[in-house]
Structure formats: structure tokens, C-alpha cells
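Ligands are counted one by one from 1 in listed order, and the atoms in each one are counted from 1 as well. Any value given below was found using the heavy atoms of this structure, including those in side chains, with hydrogens, waters and symmetry copies removed.
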Amino acid sequence: MVLGEFDLIERYFAQVGASPSVKLGVGDDAAVLELPAGHVHLISTDTAVSGVHFLPDAAPNVIAYRTVMAAASDLAAMGANPEAMLLALTLPEANADWLASFAEGVRSASEHASLPLIGGDTTRGPLSVTVTVLGSAPPGHYLTRSGAQPGDRLCVSGTLGDAAAGLFLLEIDDTSVSAADLEFLHQRFLRPTPRLTLGQTLNGVATSAIDVSDGLLADAAHLARLSSVGLTIDPSAIPISVALRAYPDPAQARDWALRGGDDYELLFTLPSHAILPDDCTQIGRVIAGSGVHCDGVLNITGYDHFGR
Ligand code: ADP
Ligand code: MG
């Protein structure tokens, strides 16, 4: 079936999520969003390009879900309340099956991250997905990468390395991993969960935060640089899931936990007197100085689109 641009928008993207703050959504020249009185906007955007961020034949619902959740994770890292999102979609063709699956992924992520879709853009070209997320917070009451203080505890939510393992195990056929572990690790890559509630809990408590999208060492390096401090990480303290701990190659598992991206957990610093929230682990400390010191080695590595 051949769909025109406006049929396509109307059919797949006109009614995704709702909220009393959305005064005008998809369909007009601009959307209208009313934020809680006196709050500031927190805005972030993420692009996923075919052949760079996902394979051209990746499942459309997975592309959609992961792109929305990656963007939502940036709101989590700021401790923002999710308000709404915009979707800029570039498509080589308007294929109804592809779009139905993609829209299902958008709808599911919209619901899980409480982000109604209020607008966007649809154009023809090489497949690319850009999601812009809007959040809110009281003025000054949000988390940044820049507030870590020497003496703070360095902490992380959940477990690390699962998504990198899940991606690897989607691409190869590894019979040494149990079906249950395989399913868990696959889902950690395919359906990431941004830590929106935790971010809001940490708001006003943590001195700094970042989401782990590029890998623990890389994101810790960003936090250290922006806060003008050093970070020490005790590798034996890094939380590893039961499924990843069972992986037959422990050195590989450890490397995924240190360097693998896409977990969308929160890495944050807490003053020493603050209580560690549930499901979070202290993995190190903030020190005077610079860089990330892990196992006695200074580390600044991770994925860099323009790096060599
Ligand atoms: P304009 O030409 O005035 O910029 P468009 O024709 O591009 O408007 O879009 C019409 C309406 O559909 C707008 O409200 C726009 O925000 C919305 N829209 C377009 N593409 C998408 C999309 N992929 N997802 C959600 N809303 C979209
Ligand atoms: Mg217009």
C-alpha cells in the first residue's frame, strides 16, 4: 500500500500518548505544551542513523523503542519530569508493515517513559530517526554532570555490561549461554529502561549524574572532566547481573561491564552522608585531580563517533 505523507502521520503518529500538559499535539504548525508553573524546560535530542546506530534490517519496533528510550535516559540523568517528545523521521519509502511496527515501538516507549508524542517531521531519504524529548523541573532543581566533589561516593544503578552482551549474543549463535540468560541479556539491549524515577529521587541529593550510554569508563570520564575532579573505580565492586556473571568468558564479561554501552543506567555521585537508593551500588570515589582511575590504570576510553 502506498501512503502519502499526511495519511502516514495521521495513521501512525497522531495519537501517541496524552497528558493534560499537552494543549495542542500533532496536526498544527506547532504543538503547545504547558509546563507546571515556574518550572524550567529540559530539552535533549538523539539521532539514530541506519548503518551507524542500527543495521538497515533491524526490527523497526526495536529501532523506535531504543531511540526513544535513549533520549528519555538523558531526561533521567537530569532528574527531570518527562513531559513530551518530538519525532523527526527520514524514510526511504512509506512501507505500511515497516511503519506499523515502528509506530508500535514508538507507542510502547511513549507509554513506558510517559512521553506523549506532540509533533515531528517526516521526510524521504536514508533511514534516520531523531527523537527530541522535553522535560521539566523547578528552577535550579536538576542534576548536572558538573557538581561532583572530592570525598563523594561514586555510584551506579542496576547492572552494567548486559546490553553489550545482549547485542553480541544477538549477532552470534552461542550455545554456552542458557536460554533464560540469553533472553535477559537480549532484552537488556532491545528494551532499555531509562531510570526516570531514580533520576527524580536523586534530584537534590546527588551532586552529579550522567547516564551510561557510551560505557562506564567513557561516561565516568565525561563526569570527571565536567566536574574537574578525578574518579576512582574499584572493578570488583561493579554490579554484574546473574546472567552476565554466568557468561563463560569472565574477562569478556568484565570488559562489557567497563566499556560496553547502551545500558542506560545512571552513574552519579553522592555526598558521603547520603543514603544509597535501592538497586544502586557504590563503585568508587571522587578524588581531587582528573581522569578515571580503575585498577590503578588511568582510563579514558569509549565510543567516539569521530575518534580514531
Ligand atoms: P509543517 O509543514 O507545517 O512543518 P508538517 O506537514 O511537517 O508541518 O507536519 C504536520 C503535523 O504533523 C505537524 O503537527 C507535525 O508536528 C506533525 N508530524 C510530522 N511528522 C511527524 C512524526 N513523524 N511524528 C509526529 N508528528 C509528526
Ligand atoms: Mg506549517
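With a 6.0 Å cutoff to the six-membered ring centre and a 45° limit on the axis angle, Arg66 does not count as a cation-pi contact of Phe54.
Residue-ligand proximity, Phe13 to ligand 1, at heavy-atom distances under 4.0 Å covers atoms 23 (N), 24 (N), 25 (C). Applying the 4.0 Å criterion to heavy atoms of Asp29 picks out, from ligand 1, the atoms 3 (O). Against a heavy-atom cut-off of under 4.0 Å, Asp28 is close to the following atoms of ligand 1: 13 (C), 14 (O).
The aromatic rings of Tyr65 and His112 lie perpendicular to each other, with more than 60° between the two planes, well past the 30° mark.
Not a single N or O atom of Phe6, backbone or side chain, sits closer than 3.5 Å to an N or O atom of ligand 1.
A distance of 10.0 Å separates OG of Ser114 from CG of Asn81, quoted to the nearest 0.5 Å.
Heavy atoms from other residues, nucleotides or ligands lying under 6.0 Å from CD of Glu10 number 12 at most. Atom CD of Gln187 has more than 12 heavy atoms from other residues, nucleotides or ligands within 6.0 Å.
Distances from atom 20 (N) of ligand 1 to the heavy atoms of Leu117, Leu89, Thr122 show the closest one on Thr122.
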